[in-house]
Amino acid sequence: QVHLVQSGGGLVQAGGSLRLSCAASGRTPRTGAMGWFRQAPGKEREFVATIGWGGGSTSYADSVKGRFTISRDNAKNTVYLQMNGLKPEDTAVYLCAATRLYGLGYTASRYDYWGQGTQVTVSS
């Protein structure tokens, strides 16, 4: 069993930056691919970014490409999402996810474990 605990997030003005963290713990905290999703009110959960186990493979949604960076520190069992150039349309609850599989994951169904979610609000 893997338990994911998120931190970071909050309120920021458009153009600002935030960094989200997601730490894995439990009896077997080592995970394969990890990812970030977000869900805005009244909208479906959408893919944001994913990273492979070694950290060398990453992929992003077109809407965040060039602005967001996903990274991981396996020694700390932690994945990060650095968000720069934030826009009001980035406002959502952000959720980290982990799977024991090693390939990049683009859909929510790919993941076995989820963080508690953290609110990101970008004001115009």
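The structure presented is a predicted model; accordingly, all values stated were derived computationally and were not measured.
Of the N and O atoms on the side chains of Y106 and T50, not one donor lies less than 3.5 Å from an acceptor on the other residue. Side-chain contact of E89 with T91: a donor-acceptor pair under 3.5 Å is absent, judged by distance alone. In the model, T99 has a side-chain atom that pairs as donor or acceptor with a side-chain atom of D112 under 3.5 Å.
Note that the CD atom of Q1 and the OH atom of Y113 stand 5.0 Å from one another [nearest 0.5 Å]. In this structure, the separation between CE on M34 and CG on L4 is 5.0 Å, given to the nearest 0.5 Å. Interatomic distance, OH of Y94 versus OG1 of T118, reported as 10.5 Å (0.5 Å rounding).
The cluster map of Ile, Leu, Val, Met, Phe, Trp and Tyr, joined by side-chain heavy atoms under 4.5 Å apart, puts Y80 and V64 in different clusters. L81 is not connected to F47 by any chain of hydrophobic side-chain contacts under 4.5 Å among Ile, Leu, Val, Met, Phe, Trp and Tyr, and they are in different clusters. Tracing side-chain contacts under 4.5 Å through hydrophobic residues (I, L, V, M, F, W, Y), one reaches Y111 starting from V93; they form part of the same cluster.
In this structure, the side chain of Q6 engages the main chain of C96 through a donor-acceptor pair within 3.5 Å. In this structure, the side chain of Q13 does not engage the main chain of V122 through any donor-acceptor pair within 3.5 Å. Between the side chain of R110 and the backbone N or O of G103, at least one donor-acceptor pair lies under 3.5 Å. Looking only at distances, a side-chain donor or acceptor of T78 sits under 3.5 Å from a matching main-chain atom of K76. Side chain of R72 to main chain of G52: a donor-acceptor pair is present (N/O by atom type, distance under 3.5 Å, no hydrogens or angles). Side-chain N or O atoms of Q82 include none that pairs as donor or acceptor with a backbone N or O of T69 at under 3.5 Å. Looking only at distances, a side-chain donor or acceptor of N74 sits under 3.5 Å from a matching main-chain atom of W53. In this structure, R67 contributes its side chain and G85 its backbone to a donor-acceptor pair below 3.5 Å.
Ring centers of W114 and F37: under 6.0 Å apart, within the cut-off.
Across every non-hydrogen atom of G8 and L20, the tightest pair is C-CD2, 3.7 Å.
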Please report the C-alpha distance between V48 and Y60 in whole Å, then the side-chain angles of each, then the deciding distance to 0.1 Å, and finally whether the side-chain contact (heavy atoms from CB on, under 4.5 Å) criterion is met.
CA-CA 6 Å; V48 175; Y60 300 89; 5.9 Å; no

Chi angles and distances behind the side-chain contact (heavy atoms from CB on, under 4.5 Å) call for L86, N84:
CA-CA 5 Å; L86 282 161; N84 299 327; over 6 Å; no

When you look at W36 and I51, which way does the side-chain contact (heavy atoms from CB on, under 4.5 Å) test go after all the steps?
CA-CA 9 Å; W36 288 95; I51 186 167; over 6 Å; no

As a quick check of understanding, evaluate side-chain contact (heavy atoms from CB on, under 4.5 Å) for V120 and M83, giving each step before the final call.
CA-CA 10 Å; V120 171; M83 304 183 292; 3.8 Å; yes

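Checked for salt-bridge contact, K87 and D90 miss the test: no charged N lies under 4.0 Å from a carboxylate O.
When the shell of 6.0 Å around NZ of K65 is examined, it contains more than 12 heavy atoms from other residues, nucleotides or ligands.
Within the 4.5 Å cutoff, the side chain of Q116 has no heavy atoms near those of the L95 side chain.
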